[in-house]
Structure formats: C-alpha cells, structure tokens
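Throughout, numbering of the chain's residues begins at 1 and tracks the sequence. Not measured: the values here are computed from a predicted model.
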Amino acid sequence: MPRHIDITGQRFGRLTALAYAGTTRRKHALWLCICDCCQTVTTQSRRLRNGTTRSCGCLARESAAQLLLRHGWTDTPEY
C-alpha cells in the first residue's frame with residue numbers, strides 16, 4: 001500500500017480531488033482532479049496543498065482576459 005495523504009473529495013481552489021493516480025518517478029503522489037469547468041487534470045498532491053495548482057488552466061485564462069479589459073487594451077486598433 002503506497003504511503004500518501006488521502007485528499008479525496010477535498011477542494012483546492014477550483015479543483016476537487018477525485019482519486020489517487022499513482023506516483024511520479026520521484027515518488028510524489030499524483031491525484032486526478034476535476035475543475036469547476038468540468039475539465040480533468042492530474043497533478044501532484046504537494047502542488048495542490050501548497051496552492052501552486054488551483055485550476056486546470058481556466059483561472060489563468062480568465063485572469064488574462066480580465067487584465068485586458070481592465071486596462072482598456074481591447075480598444076486599440078491592433079486588438
């Protein structure tokens with residue numbers, strides 16, 4: 001039985017841990033997670049617990065879109 005912290009069902013930002021997915025070559029636990037946008041992602045449990053991974057990537061895309069709108073860059077001819 002592998003030694004890992006069971007985080008099944010816990011939320012980390014927009015991600016919810018679904019199931020243990022094995023380990024990396026360096027023996028870091030991997031978890032299958034589902035994002036609020038219904039995408040699945042496999043990530044290391046330590047990245048979930050320390051806040052490095054908070055979504056499948058949708059959070060970064062939304063933040064970038066908000067940054068463009070906030071600074072008015074969408075009003076330029078280049079956009």
Side-chain angles (χ1 to χ4, degrees):
M1 181 79 182
R3 293 176 20 177
H4 61 271
I5 299 171
D6 188 14
I7 59 172
T8 305
Q10 293 183 24
R11 287 187 58 85
F12 302 92
R14 293 183 177 188
L15 296 174
T16 303
L18 295 178
Y20 177 72
T23 60
T24 65
R25 283 186 268 164
R26 296 185 178 208
K27 306 299 182 203
H28 297 290
L30 293 172
W31 284 85
L32 176 66
C33 302
I34 188 164
C35 187
D36 289 346
C37 69
C38 298
Q39 293 282 8
T40 58
V41 63
T42 303
T43 188
Q44 296 178 13
S45 63
R46 66 187 181 126
R47 292 180 183 265
L48 291 170
R49 289 184 284 128
N50 70 17
T52 303
T53 304
R54 296 181 293 156
S55 72
C56 65
C58 62
L59 184 60
R61 288 188 296 272
E62 288 175 12
S63 297
Q66 289 299 320
L67 181 68
L68 287 174
L69 292 175
R70 185 175 357 156
H71 290 287
W73 293 346
T74 57
D75 295 334
T76 63
E78 293 84 19
Y79 184 76

Next on the checklist: On a heavy-atom basis, which atom in Thr42 and which in Leu32 lie closest, and how many Å separate them?
Outcome noted: OG1-CD1, 3.8 Å
Checklist entry - Between Ala17 and Cys33, what is the shortest heavy-atom contact and its length? => result CA-SG, 3.9 Å
Checklist entry - Under 3.5 Å, is there a donor-acceptor pair between the side chain of Arg11 and the main chain of Gly13? => result yes
Checklist outcome for this item: When rounded to the nearest 0.5 Å, the distance separating CZ of Arg14 from CD of Glu62 is 4.0 Å
Item to check | CD/Gln39: more than 12 non-hydrogen atoms of other groups inside 6.0 Å | outcome: no
Checklist entry - When rounded to the nearest 0.5 angstrom, what is the spacing between CG in Leu30 and OG1 in Thr23? => result 6.5 Å
Checklist entry - Quick one: NE2 on His4 to NE2 on His28, what's the gap to the nearest 0.5 Å? => result 15.5 Å
Checklist entry - Are Gln10 and Leu48 side-chain neighbours, meaning at least one heavy-atom pair lies under 4.5 Å? => result no
Checklist entry - Which value, rounded to the nearest 0.5 Å, describes the distance between Arg25 atom CZ and Lys27 atom NZ? => result 11.0 Å
Checklist entry - Are side-chain heavy atoms of Ser45 and Ile7 found at a separation under 4.5 Å? => result yes
Next on the checklist: Do Leu15 and Trp31 make a side-chain contact, defined as non-hydrogen atoms from C-beta onward lying under 4.5 Å apart?
Outcome noted: no
Checklist entry - Would the number of heavy atoms belonging to other residues, nucleotides or ligands and lying under 6.0 Å from CZ of Arg54 be above 12? => result no
Next on the checklist: Taking Phe12 as the starting point, is it possible to reach Val41 by hopping between hydrophobic residues whose side chains are less than 4.5 Å apart?
Outcome noted: yes
